[in-house]
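To keep things clear, I will list the structure first and then write my remarks on it.
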Amino acid sequence: MGDHLSHASVLIVSDDTEFARSVAARWHAERHVPEITLVTSDVWHGSSAASYDLVILGPVRDGKNSTILSALRSYPNVTAVCVSDDDKEISLLQSEYPHVQIVPRQDGWSSTLILVAGEVLRRVQAVARAQRAERLAIESQAHAALGRYMLEMRPSVNNALTSVLGNADLLLLDAESIHPDAREQIRTIHTMALRLNEIIQRFSSVAAEMRAGEKESQAETSTVSQISAAGPAR
């Protein structure tokens with residue numbers, strides 16, 4: 001199992017303490033172990049399962065399997081694996097809950113359970129990584145759009161800053177005739193305009209560096225393509 005499984009969380013629901021201990025002990029024999037929580041059906045609550053990547057359902061009293069699995073339907077992001085030694089119960093669960101992984105409790109069941117659970121956790125976390133990558137891509141697109149807008153508005157901003165700085169300079173040339181409070185405000189405007197101008201210039205430098213990097217990358221890609229097209233040297 002990959003290192004990422006060490007960060008996964010598993011909830012084991014069972015009224016058979018030996019079952020829960022066996023599963024936990026068997027998993028701890030693996031190199032990478034998820035965070036495991038053991039609860040009985042009396043303590044278990046559907047809302048608590050929402051924070052886990054996987055729920056393993058073992059033997060429970062009073063046929064609570066269906067009740068628990070039905071409650072889990074309200075949490076589509078939670079995957080369930082059910083272990084049972086009753087053929088009739090297995091058949092019923094398979095027909096009523098087709099999306100639940102069923103592991104028959106027979107010889108070697110614990111190893112089978114660990115394998116099935118490991119695959120489930122890998123799939124769950126792969127989906128989570130894909131969703132996270134999609135969110136980052138959307139954020140990157142938004143940032144790129146903002147960057148393009150700033151580039152388009154840069155000339156207008158520069159013109160406005162030039163006007164502000166020019167007028168502030170003119171006013172400060174005759175600073176003695178201006179009320180001290182107003183003079184300080186003009187100096188503040190002048191200072192802030194200079195800072196804004198510096199920010200715009202830095203942004204322009206970054207934009208230029210990015211364009212240069214893109215051109216260099218395109219040139220390298222073109223060179224590699226030409227070499228590949230020419231084939232190996234003789």
* With Ser111 via side chain to side chain donor-acceptor pair (under 3.5 Å) - residues at least two apart -> Arg26

* **Side chain proximity check, Val103 to Cys82, heavy atoms < 4.5 angstrom** => no

* To do: If a pair satisfies salt bridge (charged side-chain N to carboxylate O under 4.0 Å, His left out) and one of its residues is in residues 104-120, list it, with sequence neighbours excluded.
  => Asp16-Arg105, Glu119-Arg122

* To do: Would you kindly confirm whether Leu93 and Val60 end up in one hydrophobic cluster when ILVMFWY residues are joined by side chain heavy atoms under 4.5 Å apart?
  => yes

* Structure fact -> Value for CG (Leu54) from CD (Gln125), rounded to nearest 0.5 Å, stands at 10.5 Å

* Specify the closest pair of heavy atoms between Pro59 and Ser14, including all atoms of both residues, with the distance to one decimal. => O-OG, 2.9 Å

* I would like to know whether Val43 and Thr40 meet side-chain contact (heavy atoms from CB on, under 4.5 Å); could you show each step before the answer? => CA-CA 5 Å; Val43 177; Thr40 63; 3.5 Å; yes

* Sequence neighbours excluded, which residues qualify as side-chain contact (heavy atoms from CB on, under 4.5 Å) partners of Gln131? -> Val127, Arg135

* **Approximate separation, where rounding is to 0.5 Å, of His28 NE2 and Arg21 CZ** => 14.0 Å

* Provide the closest heavy-atom pair for Ala49 versus Val78 in the form atom of the first, atom of the second, distance. => O-CG2, 3.4 Å

* Asked: Which residues satisfy the ring-ring contact (aromatic ring centres under 6.0 Å, His included) test with Trp109, sequence neighbours excluded?
  -> Phe19

* Residues which pass side chain to side chain donor-acceptor pair (under 3.5 Å) with Ser70, listed by chain and number, not counting sequence neighbours -> Tyr97

* Asked: Heavy atoms, side chains only, cut-off 4.5 Å: are Ile56 and Val10 in contact?
  -> yes

* With a 4.5 Å limit on heavy-atom distance, are the side chains of Val81 and Val100 in contact? -> no

* Mind jotting down which residue pairs meet the salt bridge (charged side-chain N to carboxylate O under 4.0 Å, His left out) criterion with at least one end in residues 40-58? Sequence neighbours excluded, please. => Asp42-Arg61, Asp42-Lys64

* To do: Run through the side-chain heavy atoms of Ile, Leu, Val, Met, Phe, Trp and Tyr, join any pair under 4.5 Å, and report what else lands in Leu136's cluster.
  => none

* Asked: Roughly how far, to the nearest 0.5 Å, is the CD1 atom of Ile90 from the OG atom of Ser95?
  -> 12.0 Å

* Asked: Out of curiosity, Leu196 CG to Thr191 OG1, how far, rounded to the nearest 0.5 Å?
  -> 11.0 Å

Could you pull out all donor-acceptor pairs under 3.5 Å where a side-chain atom in residues 179-188 meets a protein atom, sequence neighbours excluded?
unit_1: His179; atom_1: ND1; unit_2: Asp181; atom_2: N; d: 3.1
unit_1: Arg183; atom_1: NH1; unit_2: Ala175; atom_2: O; d: 2.9
unit_1: Arg183; atom_1: NH1; unit_2: Ile178; atom_2: O; d: 2.9
unit_1: Glu184; atom_1: OE2; unit_2: Arg187; atom_2: NH1; d: 3.2
unit_1: Thr188; atom_1: OG1; unit_2: Glu184; atom_2: O; d: 3.0

* Selection residues 41-82 - residue pairs positive for ring pair (Phe, Tyr, Trp, His ring centres under 6.0 Å), sequence neighbours left out -> none

* If a pair satisfies salt bridge (charged side-chain N to carboxylate O under 4.0 Å, His left out) and one of its residues is in residues 68-96, list it, with sequence neighbours excluded. => none

* **Same cluster (ILVMFWY, side-chain, under 4.5 Å), Val120 and Trp27** => yes

* Leu69 and Val124: same hydrophobic cluster, using ILVMFWY side-chain contacts below 4.5 Å? -> no

* To do: Please check if Val116 and Ile36 belong to a single hydrophobic cluster, counting links between Ile, Leu, Val, Met, Phe, Trp and Tyr side chain heavy atoms closer than 4.5 Å.
  => yes

* Asked: Are Val83 and Val23 joined in one hydrophobic group, where the rule is that I, L, V, M, F, W and Y side chains link up if heavy atoms are under 4.5 Å apart?
  -> yes

* Glu139: what forms a salt bridge (charged side-chain N to carboxylate O under 4.0 Å, His left out) with it, not counting sequence neighbours? -> none

* Are any of the side-chain heavy atoms of Val13 and Ile68 separated by less than 4.5 Å? -> yes

* Calculate, to the nearest 0.5 Å, the distance between atoms CG and CD1 belonging to Leu57 and Ile12 respectively. => 11.0 Å

* To do: Test side-chain contact (heavy atoms from CB on, under 4.5 Å) on Val55 and Thr79 and set out the steps.
  => CA-CA 6 Å; Val55 174; Thr79 304; over 6 Å; no

* Ignoring hydrogens and geometry, is there a side-chain-to-backbone donor-acceptor pair from Ser9 to Glu35 under 3.5 Å? -> no

Show the atom names and distances, to 0.1 Å, of all donor-acceptor pairs under 3.5 Å that link a side chain in residues 162-169 to residues at least two apart or in another chain.
unit_1: Thr162; atom_1: OG1; unit_2: Asn158; atom_2: O; d: 2.8
unit_1: Ser163; atom_1: OG; unit_2: Asn167; atom_2: ND2; d: 3.4
unit_1: Asn167; atom_1: ND2; unit_2: Ser163; atom_2: O; d: 2.7
unit_1: Asp169; atom_1: OD1; unit_2: His190; atom_2: NE2; d: 2.7

